[in-house]
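Structure, as structure tokens:
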Amino acid sequence: MARRKAVFLDADYTFRNGKTYARLLVKGKKATRLLYPYDPYFYCDAPGKEAEIAGLAISKGGELVKVKRTEAVEKVLRGEKRQLIKIYCQKPADVVVLRQAIPFKCYEHGIQYSKRFMLDFDITPFAILEYEREGREVKKFIKIWEDEKLEAQVKLGRLAFDIETYNPLGAPRERKDPAVMISYADGGSDKGVFTYKPNSKPFVRMEQDEKGMLDGFCKKLAEIDPDIIYGYNSSNFDLPYLEARAQVQKTALAIGRDGTSFRKIKKGMVNGAKITGRMHIDLYPAARFFGFIGLIKAQEFTLEKIYEEMTGKKKKMVKRLDIWDMWDKGDLDELAEYSLGDSEVTYELGENILPLLLELSKLTCMPLFDTSLSTSGQLVESLLMQESVRRGEIIPSKPGEAEAIERQKNPIEGAFVKLPEPGIYDNIAVFDFRGLYPSIIISYNIDPSKLVKEGTEGEVSTSPTGAKFLKGEKGVIPASLERLLDLRAGLKKRLKTGDKESPEYRRLYARSHALKILANSFYGYLGYARSRWYNRSCAESVTAWGRMHIHDAAAKAEAKGFRVLYADTDSLFLLLGSRGKKEALAFLEEINKNLPEKMELELENFYTRGVFVSKKQEAEKGAKKKYAMLAEDGSIKIRGFELVRRDWSSVAKDTQFGVLQAILREGSKDKAVKIVKETVERLKGGKVPIEELTIYTQLTKRPEDYDIVSPELAAAKKAQARGMQVEKGSVIAYVITKSGKTISEKAEMAEHAKDYDPDYYINNQVMPAVMKILKELGYDEDELKNKGKQKSLGSFFE
DNA sequence: GCGAGCAGCGTACCT
DNA sequence: ACAGGTACGCTGCTCGCG
């Protein structure tokens with residue numbers, strides 16, 4: 001019997017000859033699919049009913065669905081051992097049918113077959129499988145392990161692609177408008193463009209017609225035979241478009257390893273396209289995910305902007321192209337260049353994003369394709385499911401819709417934020433608790449199965465809410481979290497030494513980053529309404545302990561004579577006053593002496609100067625979550641100000657930054673005022689370029705779903721009228737122009753804006769952004785009012 | 001009829 | 001479709017004033 005080794009990539013299933021097989025995509029020298037017979041199953045809690053359930057058969061759609069066999073098993077259910085009936089089914093779809101027919105409590109019925117298989121065999125993506133097989137069928141798994149060196153031997157081939165379409169109306173219509181170019185890049189020398197009109201570029205391959213182009217691309221793909229295919233918004237645009245064109249041209253979009261096209265997948269709210277035998281990574285949802293967790297901060301989620309943000313490089317900008325016009329004129333050199341450029345940029349972006357996705361995939365036991373479409377909640381869920389199965393604990397079920405809505409209606413009290421006193425301060429120390437919520441969860445063993453009722457025996461920790469948690473053996477949540485943090489601590493040591501440019505270092509760095517992302521998502525998952533592990537009492541205890549610890553640290557700081565300027569969740573801003581750094585560090589040490597082992601208050605940094613401003617309404621109060629600090633090394637840390645928000649124009653943001661710098665670095669009120677005056681003059685002169693005036697705002701609903709009018713929506717609707725596609729999630733780039741009465745009427749897409757309204761930019765953008773800071777320098781409300789009734793704040797500078 | 005004041009909606013940010 | 005806490009702009013309404 002042949003014994004082989006291969007890297008595991010993905011799993012699904014097939015049903016043949018009355019048997020369900022797990023179908024594994026593996027890669028040794030080349031990619032293969034293996035079959036392994038494995039019956040789907042679920043559990044039922046029905047003592048004494050095993051015989052009855054074993055004989056269950058129900059008719060569904062003219063077919064008889066039968067229980068295949070049953071087995072009595074012992075599992076841990078909510079922290080207690082219990083006898084359950086394991087019900088095996090013929091095929092995965094039977095699980096749902098039989099579960100609904102059984103009038104007892106059932107468990108683990110809502111788990112995908114492929115996931116079930118991976119969990120039960122503890123096979124993680126990119127692990128090495130050694131197996132014996134006969135034909136395609138695996139008889140035995142000899143060994144399953146993760147080994148960095150073996151893994152590195154298997155090179156995953158990657159390719160990026162991009163298409164151009166004929167678009168006389170702005171947005172192309174897939175049944176009517178042809179695709180005119182398909183470009184690809186494999187990261188090396190193989191790259192090019194398929195099209196079907198004459199072109200002088202050497203990398204262009206001219207086919208006879210659109211069908212020839214489609215076929216040519218598919219043939220090229222088969223030749224390169226990549227394991228990973230990168231696209232940008234390819235699940236929603238490129239792939240469905242190509243498929244529609246293939247249909248119109250009566251050909252097959254043979255991009256899968258079995259010659260098929262792709263399957264549309266819905267994972268939560270996002271769409272995916274699964275290409276058989278390969279891992280299709282749409283970088284757009286991946287970029288959105290990175291934006292959501294705060295890894296990148298992009299103004300717009302276009303390929304260009306994300307590329308620039310992720311790689312730090314500038315993408316060669318081509319002026320906006322009218323693809324249809326160039327196609328009609330036969331003027332294709334520039335278009336081909338542009339198309340190839342997009343594939344190359346997509347490839348490079350993919351290479352930037354892939355390492356983190358790979359590590360997340362391995363850590364959460366989720367195939368790469370699924371990982372690329374996952375929310376952080378799904379990643380944490382997968383991780384906890386893995387830990388549960390390893391321990392023999394029953395995986396909690398997802399809540400029903402009604403339950404989820406009920407949970408959502410009752411939010412959990414969150415963190416404490418101290419009201420700062422507005423002003424400019426010198427010599428500040430900032431401390432924060434390292435991983436506050438994760439460390440609380442581990443320290444106090446916060447887990448639904450460890451929650452004890454009044455009067456229960458055993459040593460417990462009592463949270464400020466009164467909830468009690470059993471000490472001793474760690475629950476699934478704290479144990480998983482501790483594993484992540486321990487892994488990360490080990491990696492951090494290795495990362496201290498080593499060549500930062502080496503592939504090994506980058507891999508470990510990505511792994512460390514993945515661990516951090518996962519650890520930071522645990523608390524959110526505990527309080528997430530649709531979570532399998534949701535527990536109100538647990539989530540409340542996490543935040544209550546958090547508030548307790550930050551209050552306690554603040555009180556101790558004050559007792560030591562420090563003034564606490566500000567605090568938010570896990571951070572503490574202390575005014576050093578007459579005390580020096582030494583005393584601050586001594587205070588830190590004393591706090592840490594009395595904290596649980598996993599918790600630690602750390603020095604974030606010392607700052608020579610910091611600014612807190614007042615709220616716009618209620619000017620006597622300081623604004624929370626808004627401050628600017630000058631560190632000793634000269635760097636400036638800015639939080640919350642307009643200048644860090646994408647929904648403010650850069651003319652306002654740049655001016656605000658100038659003012660903050662003048663104050664922090666030089667303490668110069670005159671310089672600050674001068675900067676503002678200059679901007680106002682520039683705006684009045686009408687010479688400010690559109691880019692500096694553009695405001696970016698995301699639409700979180702479909703345009704037609706809004707009940708109110710807003711500038712971004714008004715601009716979006718004008719764009720729609722021109723044939724542009726605007727959907728849920730689109731970022732609208734708009735400018736306030738001169739034409740119209742209300743601000744919304746004046747709003748126009750940046751690319752169509754011919755002029756701008758200086759009054760708006762002076763009075764609604766620049767002045768509000770800078771006045772709150774200048775006020776801290778003595779330009780107060782009264783001083784302004786003493787100048788008489790004014791038409792605008794702007795005239796103050798005249 | 002008009003501006004001030006306010007509620008509600010919506011977005012983006014902080015930790 | 002991961003949590004809650006927060007600031008603040010724009011719109012559209014009510015209200016008081018003249």
Side-chain angles (χ1 to χ4, degrees), chain A residues 266-270 288-289 291-294 297 299 373-381 398-399 401 404-405 407-408 410-420 430 432-433 435-437 517-518 520-531 533-534 536 538-540 542-543 546-547 550 566-572 604 613-618 621-627 637-648 652 695-701 705-714 731-732 736 741-747 760 763-765 768-769 772 789:
Chain A
K266 234 190 155 47
K267 202 166 192 298
M269 291 294 284
V270 288
R288 280 239 112 101
F289 173 73
F292 181 76
I293 59 175
K297 203 173 132 12
Q299 303 266 297
L373 297 170
S374 285
T375 64
S376 35
Q378 288 163 329
L379 294 176
V380 173
E381 177 176 89
K398 284 187 185 175
E401 191 57 23
I405 289 168
R407 290 173 180 179
Q408 229 153 13
N410 299 293
I412 288 144
E413 185 183 347
F416 163 71
V417 187
K418 185 179 164 75
L419 187 72
V430 176
D432 53 29
F433 283 99
L436 179 66
Y437 289 171
I517 290 168
L518 290 171
N520 287 341
S521 304
F522 269 63
Y523 161 69
Y525 184 67
L526 197 55
Y528 170 46
R530 287 163 210 281
S531 161
W533 273 269
Y534 175 92
R536 202 184 155 76
C538 289
E540 277 173 339
V542 174
T543 54
R547 293 189 300 270
I550 198 75
Y566 181 60
D568 184 350
T569 314
D570 58 0
S571 65
L572 212 51
E604 194 265 339
V613 296
S614 59
K615 291 217 299 179
K616 178 134 187 172
Q617 308 292 323
E618 307 173 278
K621 283 187 191 165
K624 297 172 175 180
K625 303 189 188 280
K626 245 182 200 193
Y627 58 83
K637 177 175 172 175
I638 294 168
R639 294 290 179 265
F641 276 107
E642 286 72 9
L643 97 89
V644 302
R645 295 176 64 99
R646 72 165 164 211
D647 58 352
W648 282 76
I695 296 166
Y696 298 91
T697 308
Q698 186 181 197
L699 296 184
T700 59
K701 305 192 215 180
D705 291 346
Y706 284 90
D707 296 325
I708 61 153
V709 188
S710 62
E712 61 274 17
L713 183 64
V731 176
I732 310 300
I736 301 302
K741 279 204 191 93
T742 65
I743 296 168
S744 287
E745 282 170 25
K746 290 169 182 236
Y760 174 81
N763 298 322
N764 295 33
Q765 292 274 324
K772 65 181 73 190
K789 198 174 167 64

Checklist entry - What is the distance, rounded to the nearest whole Å, between atom NZ of A:K741 and atom C1' of B:dC2? => result 15 Å
Item to check | Partner set under salt bridge (charged side-chain N to carboxylate O under 4.0 Å, His left out) for A:K615, not counting sequence neighbours | outcome: A:E618
Checklist entry - Is the backbone N or O of A:N410 less than 3.5 Å from a side-chain atom of A:R536, with the two atoms forming a donor-acceptor pair by type? => result yes
Next on the checklist: Any base atoms under 4.0 Å from A:Q378, or only sugar-phosphate, or nothing? Heavy atoms, all strands.
Outcome noted: nothing
Checklist entry - Contact class for A:T375 vs. all strands (heavy atom < 4.0 Å): base, sugar-phosphate, or nothing? => result sugar-phosphate
Checklist entry - Looking at the side chain of A:E712, which of B:dC9, B:dC14, B:dT11 is the nearest nucleotide? => result B:dT11
Next on the checklist: Tell me if a side-chain donor or acceptor on A:S571 pairs with a main-chain N or O of A:D432 at a distance below 3.5 Å.
Outcome noted: no
Next on the checklist: Regarding A:V542, tell me which of base, sugar-phosphate or nothing describes its non-hydrogen contacts under 4.0 Å with the strands shown.
Outcome noted: nothing
Next on the checklist: What contact category does A:F416 fall into here, base, sugar-phosphate, or nothing, at under 4.0 angstrom with non-hydrogen atoms?
Outcome noted: nothing
Next on the checklist: It should be established whether A:K297 places a side-chain nitrogen or oxygen under 4.0 Å from OP1 or OP2 of nucleotide B:dC13.
Outcome noted: yes
Item to check | Nearest-neighbour nucleotide for the A:R645 side chain, B:dC9, B:dC14, B:dC13 considered | outcome: B:dC13
Next on the checklist: At 4.0 Å (heavy atoms only), tell me whether A:W533 reaches a base, stays on the sugar-phosphate, or touches nothing.
Outcome noted: nothing
Next on the checklist: For A:R645, give me all partners under salt bridge (charged side-chain N to carboxylate O under 4.0 Å, His left out), at least two apart in sequence or on another chain.
Outcome noted: A:D647
Checklist entry - For A:N764, which contact category applies under a 4.0 Å heavy-atom criterion: base, sugar-phosphate, or nothing? => result sugar-phosphate
Item to check | Donor-acceptor contact present, side-chain A:Y696 to main-chain A:V731, <3.5 Å | outcome: no
Item to check | Spacing between A:R639 atom CZ and B:dC14 atom C1', to the nearest angstrom | outcome: 8 Å
Next on the checklist: At 4.0 Å (heavy atoms only), tell me whether A:L526 reaches a base, stays on the sugar-phosphate, or touches nothing.
Outcome noted: nothing
Checklist entry - Starting at the 5' end of DNA chain B, which residue's closest nucleotide do you reach first, A:D705 or A:S571? => result A:D705
Checklist entry - Between the side chain of A:R547 and the main-chain N/O of A:G414, is any donor-acceptor distance below 3.5 Å? => result yes
Item to check | Length of the line joining A:I550:CD1 and B:dC14:C1', which is rounded to integer Å | outcome: 14 Å
Item to check | Closest-nucleotide 5' rank along DNA chain B - winner of A:K626 and A:I708 | outcome: A:I708
Checklist entry - Toward the 5' end of DNA chain C, which comes first, A:E413 or A:R530, by nearest nucleotide? => result A:R530
Checklist entry - Hey, does A:K772 reach any base, or is it just sugar-phosphate, or nothing, if we go heavy atoms under 4.0 Å? => result sugar-phosphate
Next on the checklist: Does A:S531 reach a base, just sugar-phosphate, or nothing at all? Heavy atoms under 4.0 Å.
Outcome noted: nothing
Item to check | A:Y696 OH - B:dC13 C1' separation (whole Å) | outcome: 18 Å
Item to check | Euclidean distance, atom CG of residue A:D568 to atom P of B:dC13 [Å, nearest integer] | outcome: 16 Å
Checklist entry - 5'-most contact on DNA chain C: A:Y528 or A:W648, nearest heavy atom basis? => result A:Y528
Checklist entry - What's the CD1-C1' distance between A:I293 and B:dC14, to the nearest Å? => result 16 Å
Checklist entry - Can you pull the contact range of chain A along DNA chain C, 5' to 3', using atoms under 4.0 angstrom from its heavy atoms? => result C:dA1 to C:dG12
Checklist entry - When we call it a touch if two heavy atoms are under 4.0 Å apart, what does A:S744 touch: a base, just sugar-phosphate, or nothing? => result sugar-phosphate
Checklist outcome for this item: Rounded to whole Å, CG of A:D707 lies from P of B:dT11 at a distance of 12 Å
Item to check | A:K297 (side chain) donor-acceptor with A:V644 (main chain) under 3.5 angstrom | outcome: yes
Checklist outcome for this item: From CD of A:E642 across to C1' of B:dA12 the rounded distance in Å is 11 Å
Checklist entry - Which part of the nucleic acid does A:Y627 contact within heavy-atom distance under 4.0 Å: base, sugar-phosphate only, or nothing? => result sugar-phosphate
Checklist entry - If we only count heavy atoms from C-beta on, is the A:F292 to A:T375 side-chain gap below 4.5 Å? => result no
Item to check | Phosphate contact (B:dT11 OP1 or OP2) by A:T697 side-chain N/O below 4.0 Å | outcome: no
Checklist entry - Counting any heavy atom closer than 4.0 Å, what does A:Y566 reach on the DNA or RNA strands: base, sugar-phosphate only, or nothing? => result nothing
Item to check | Carboxylate-amine/guanidinium contact A:K625 A:D568, below 4.0 Å | outcome: yes
Checklist entry - What is the nucleic acid contact for A:G524, judged by heavy atoms within less than 4.0 Å: base, sugar-phosphate only, or nothing? => result base
